[in-house]
Amino acid sequence: MENRQQQLQKKDGAKVPDPTTTQTKGKPRLLLMGQRRSGKSSISSVVFHKLPPSETLFLESTARIQKDSLNSFMEFQVWDFPGQIDIFDNPNFTFDMDAIFGEIGALIWVIDAQDDYLEAVARLNATILHLQRGYPHINIEVFIHKVDGLSDDYKLDIQRDVTIRIQDELSDQGIENAPVNFHLTSIYNHSIFEAFSKVIQKLIPRLGQLEAMLTNLCRTCRFEKAYLFDVNTKIYIATDSTPEDMASYEICSDYVDVIIDFTEVYGSWQRTQKWRDRLEGEPWNQPLEDQAACEWAESGMVLTDAQRPIMLREVDRFLALVAIMKEGSYDKMPQINMNVDVVVKGLTEFFEITKPKETRVTDKGVPSGGVIQT
Ligand SMILES: Nc1nc2c(ncn2[C@@H]2O[C@H](COP(=O)(O)OP(=O)(O)OP(=O)(O)O)[C@@H](O)[C@H]2O)c(=O)[nH]1
């Protein structure tokens, strides 16, 4: 009699990790699925392992399910499925639905926009129909991928065509309002990080509380935009309530990159501060390659480019608060820093509270997160 783990094994030898083992239980899981060569491994490598996009050309085809456990502001997993595995239409593949979909946060289906995608859409429809029966709550995130080099009109035509094909098929099968979302992505620009930010935000309990804290901070400090970044992946897990603005996200994301490079050269954030202290005199204005200049505020770093100063403040070893300040905010830095201190404390408490109980340090009730009126 096969035991559970043996049942989970693919007949041709691939193992499907058994979620009943402690290392996988309770961690939201992102499944990357789609046709062969659609870009799944590239996406995972670029976003979660900082692989330069150009080096994805040398990635080997995925032969078995690649499971990544990522320790960040929250622990989650990314499972990269080989394109040739169609788990619902593969007699060689026996698996336990719960083993794969039981702890799922989202199913990310990657479609290669530069290829004929009709078969990919048909497979996605079949997968959604299977899942809707047992797991109707699963977020289906469709990455219409490799859109670099396509005109904006053509991208939107593809997105419209894919959307209609999926919604019509689900409707024909009597499924209305399935949680299916569409994203235009490429590893060669920020769009893949923006898309993952949207996917991960749906996994964060009480996200609205984070957004309210950032909205309040923007209002009292006159910030144009504020983000809470996961610095390792450049995914932003929360932003304030002002409309999404890709340009602001890109500026702040690039800035996080610059700081991470500094800390990789000078060690921790505190040591980066020491590095700054070694420079003479006033907060330094060192022209960086992009003609920006970096000045230190008392407890954070402020990058001043030609238009708008950007403030960055460490929240913990995973997260940083990044905000685009309005011109002329400099004279209010003391009040801004006081407010940022209060919000950083509130964010720290928030993540303490939302962590699984066994890993929580203290239980302080609702995080403060309020700000001092300036
Ligand atoms: N132009 C472009 N090429 C991409 C992009 N993402 C991935 N690729 C390329 O697509 C090819 C296949 O990428 P993979 O990540 O190996 O695809 P996969 O879906 O993991 O393939 P299997 O392992 O066979 O399932 C590689 O040559 C990548 O460089 C993108 O956004 N734009």
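Order of listing sets the numbers, starting from 1, for every ligand and every atom in it. Owing to the predicted nature of the structure, the values given are computational and were not obtained by experimental measurement.
Atoms of ligand 1 lying under 4.0 Å from at least one heavy atom of Thr62, given by number and element, are 20 (O), 22 (P), 23 (O). Interface of Gly83 with ligand 1, defined as ligand atoms under 4.0 Å from a residue heavy atom, comprises 25 (O). Ligand 1 places these atoms under 4.0 Å from at least one heavy atom of Thr56: 26 (C), 28 (C), 29 (O). Here is the list of ligand 1 atoms found below 4.0 Å of a heavy atom in Leu57: 27 (O), 29 (O).
For atom 30 (C) of ligand 1, the choice among Gln66, Lys146, Arg36 with the nearest heavy atom turns out to be Lys146. Across Ile192, Asp148, Leu51, heavy-atom proximity to atom 1 (N) of ligand 1 is greatest for Asp148.
The distance from atom CD1 of Ile164 to atom OG of Ser171, rounded to the nearest 0.5 Å, is 12.5 Å. Interatomic distance, NE2 of His190 versus NZ of Lys234, reported as 5.5 Å (0.5 Å rounding).
Under the side-chain contact (heavy atoms from CB on, under 4.5 Å) test applied with Trp79, the options Ile104, Ile100, Asp68 reduce to a single match, Ile100.
When heavy-atom distances to ligand 1 are checked against a 4.0 Å cut-off, Gln35 comes that close only through its backbone atoms N, CA, C and O.
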Arg313 vs Asp341, test: salt bridge (Lys or Arg N to Asp or Glu O under 4.0 Å). Steps then yes/no.
CA-CA 9 Å; Arg313 171 71 88 69; Asp341 286 342; 2.6 Å; yes

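The nearest protein atom to atom 6 (N) of ligand 1, hydrogens excluded, is given as His145 NE2, 3.0 Å; this is a heavy-atom distance. For atom 21 (O) of ligand 1, the nearest non-hydrogen atom of the protein is Arg37 N, 2.9 Å.
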